[in-house]
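Proteins get letters first, then strands, A, B, ... in listed order; numbering begins at 1 in each.
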2 protein chains.
Amino acid sequence: MVMSAEETSPDEVPAQGLRELKKQMTRGAIAAAAFKLTLEKGLDHVTVEEISRVAIVSPRTFSNYFSSKEEAVVSAGGQDPEQFLPAFREAVREVPPLEALREVFADYFMNLTDDQLDQIRQMLGLVVQYPSLLDVQAARFGNLEAELRGVVAEHTGADEETEMYPWLVASAGIAAVRAALRVWGASPADGRDKLVKLVQEALSLFSAGLPAPAPR
Amino acid sequence: MVMSAEETSPDEVPAQGLRELKKQMTRGAIAAAAFKLTLEKGLDHVTVEEISRVAIVSPRTFSNYFSSKEEAVVSAGGQDPEQFLPAFREAVREVPPLEALREVFADYFMNLTDDQLDQIRQMLGLVVQYPSLLDVQAARFGNLEAELRGVVAEHTGADEETEMYPWLVASAGIAAVRAALRVWGASPADGRDKLVKLVQEALSLFSAGLPAPAPR
DNA sequence: GTGAAAGGTTGCCGATATGGCAAATTCACC
DNA sequence: GGTGAATTTGCCATATCGGCAACCTTTCAC
């Protein structure tokens, strides 16, 4: 009989060893190079070739990982769906979906390092400056939204094809994060705590039905 | 003395005459060609050159109007921000923002022709089939969202830079439309009325704070 | 009308990007 | 250590992106 094949090592081997690790490092190196060069020289003075040179890969390899320089730049922000899904899956079993989103996102932002926060600020700047980056970022958020939607559908038993609830909840979660990031990004003095507070506030507003503010 | 210069004709001259009109026709012809060819041959078997040939313009002119074939295809869907903004501006003075969105979108979908509805269904199919089209469509929705947000901010006196409310309301409006479209698109038998009903229902759910459905 | 200015379209073309294919290299596993 | 699978790379054909200048059409003032 053959054993389960993942029993090789006791500790932290990601999935299948060196191979996967190097792939992540390559991807990270390319993304980091793209991000750094864009900050330095502006998006349109950066070419795939130069990014590849800095990341020490061939241009052909760049294409294996990203389909455009914009994608590489934006992906330097982190925030892959995998970052949130397990925690969300867990949280949604304990509390209502919107509440679960609040927990998961607050937790994520609360535990960022200072460097990561700085990077997010820089990314916000780039995204505001270059519409093409904004579009790519929107696409990334769209992917995350789709994953969240799937979890909501799975958990509540609602069919994505015929019920809007999963769509609306997932959209609300993403919208909360985006709004919080943008407003936070506008105040350079604000730190991690403020960002967390904004995210929670945004989701609370959704829970409250987005009441219209008092007219002036 | 010179008169106001727009008094030329009694009826429907769009803005500044033939020039603008021809531009819109050119844009429409390119978009229609791109859409039609994509339906017939699939996105990746369509080139800018072919689209241009069908639309009877030079490839160079294609570039003057669209920055990619994806953009041309998606823009065939209509739904430019200009379609909604005036009505929304008006409605938001009478009722709360979410309610205004409900009115405006319901009104828009209710008054579509059958041909337009068919086209929307076809576009939904393409967007589901080709992720790159989905991304471009998301970008377009993003533009509309930004315009709506501006109106909300202007009307409520909330500063987009420092307050999340305009972001959240505009996001909810777009999310409602997207969810309604997708769910509607999954049932080929449903007509205009159903779509309108879905949009209204989605916005009602937002107003109600997205209550979690009863667990099963 | 008529002529001049403004705006749109096009051809030309270089810089880049995209992605198939096969050879070369690297890693996993026995 | 050796073998098979996965990754990287070079080569290269096709396609896109846009600057520039010439050409054509509409607008506007007289």
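For A:S58, taking side-chain heavy atoms from C-beta onward, the closest of the listed nucleotides C:dT9, D:dT9, D:dG18 is D:dT9.
Side-chain N/O atoms of B:S63 include none lying less than 4.0 angstrom from OP1 or OP2 on D:dC17. Look at A:K22 and you'll find a side-chain N or O under 4.0 angstrom from OP1 or OP2 of C:dC27.
Whole-Å rounding puts the A:I51 CD1 to C:dA17 C1' distance at 12 Å. As a whole-Å value, the separation of A:E20 CD from C:dT26 C1' is 15 Å. If you take CD of A:E70 and P of C:dA17, they are 9 Å apart, rounded to a whole angstrom. Atom CG in B:N64 sits roughly 12 Å away from atom C1' in C:dG11 (whole-Å rounding). For the pair B:Q24 CD and C:dG8 C1', the computed distance is 13 Å after rounding to whole Å. Rounded to an integer number of Å, the gap from OH of B:Y65 to P of C:dT10 is 9 Å. Atom pair A:F62:CZ and D:dG10:P shows a separation of 16 Å (rounding to whole Å applied). One interatomic measurement links the two molecules: CG of B:L43 to P of D:dT16, which rounds to 10 Å at whole-angstrom precision.
Side-chain atoms of B:R60 and base atoms of D:dG19 include a donor and an acceptor less than 3.5 Å apart.
Expressed to the nearest 0.5 Å, how far CZ of A:R89 lies from CD of A:E147 amounts to 8.0 Å. Distance CD1/A:I120 to CZ/A:R192: 10.0 Å, rounded to 0.5 Å.
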Side chain to side chain contact (heavy atoms under 4.5 Å, CB included) evaluation trace for A:L85 with A:L148: CA-CA 7 Å; A:L85 285 193; A:L148 295 176; 4.0 Å; yes

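Contact annotation: the side chain of B:V152 never approaches that of B:V92 to less than 4.5 Å [non-hydrogen atoms, C-beta and beyond].
Rounded to 10 degrees, the angle separating the terminal helix axes of the helix from C:dG1-D:dC30 to C:dC30-D:dG1, each built from five base pairs, is 40°.
Exactly one of B:I51, B:V73, B:T47 qualifies for a side chain to side chain contact (heavy atoms under 4.5 Å, CB included) with B:L37. That residue is B:I51.
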Side-chain polar contacts of residues 127-143 of chain A - donor-acceptor pairs under 3.5 angstrom, sequence neighbours left out - could you list them?
from: A:Y130; atom 1: OH; to: A:L43; atom 2: N; distance (Å): 3.1
from: A:R140; atom 1: NH2; to: A:G78; atom 2: O; distance (Å): 2.7
from: A:R140; atom 1: NH2; to: A:D80; atom 2: OD1; distance (Å): 3.4

Between protein and nucleic acid, restricted to nucleotides 4-7 of chain C and to nitrogen or oxygen atoms under 3.5 Å apart, what atom pairs and distances do you find?
from: C:dG7; atom 1: O4'; to: B:R19; atom 2: NH1; distance (Å): 3.1

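Nearest heavy-atom pair across B:G191 and B:W184 is O-NE1, 3.0 Å.
Looking at A:R178 and B:E145, a side-chain N of the basic residue comes within less than 4.0 Å of a carboxylate O on the acidic one, giving a salt bridge.
Atom CD of A:E49 has 12 or fewer heavy atoms from other residues, nucleotides or ligands within 6.0 Å.
Looking at which nucleotide of DNA chain C each of B:T26 and A:T47 is closest to, the 5′-most match is held by B:T26.
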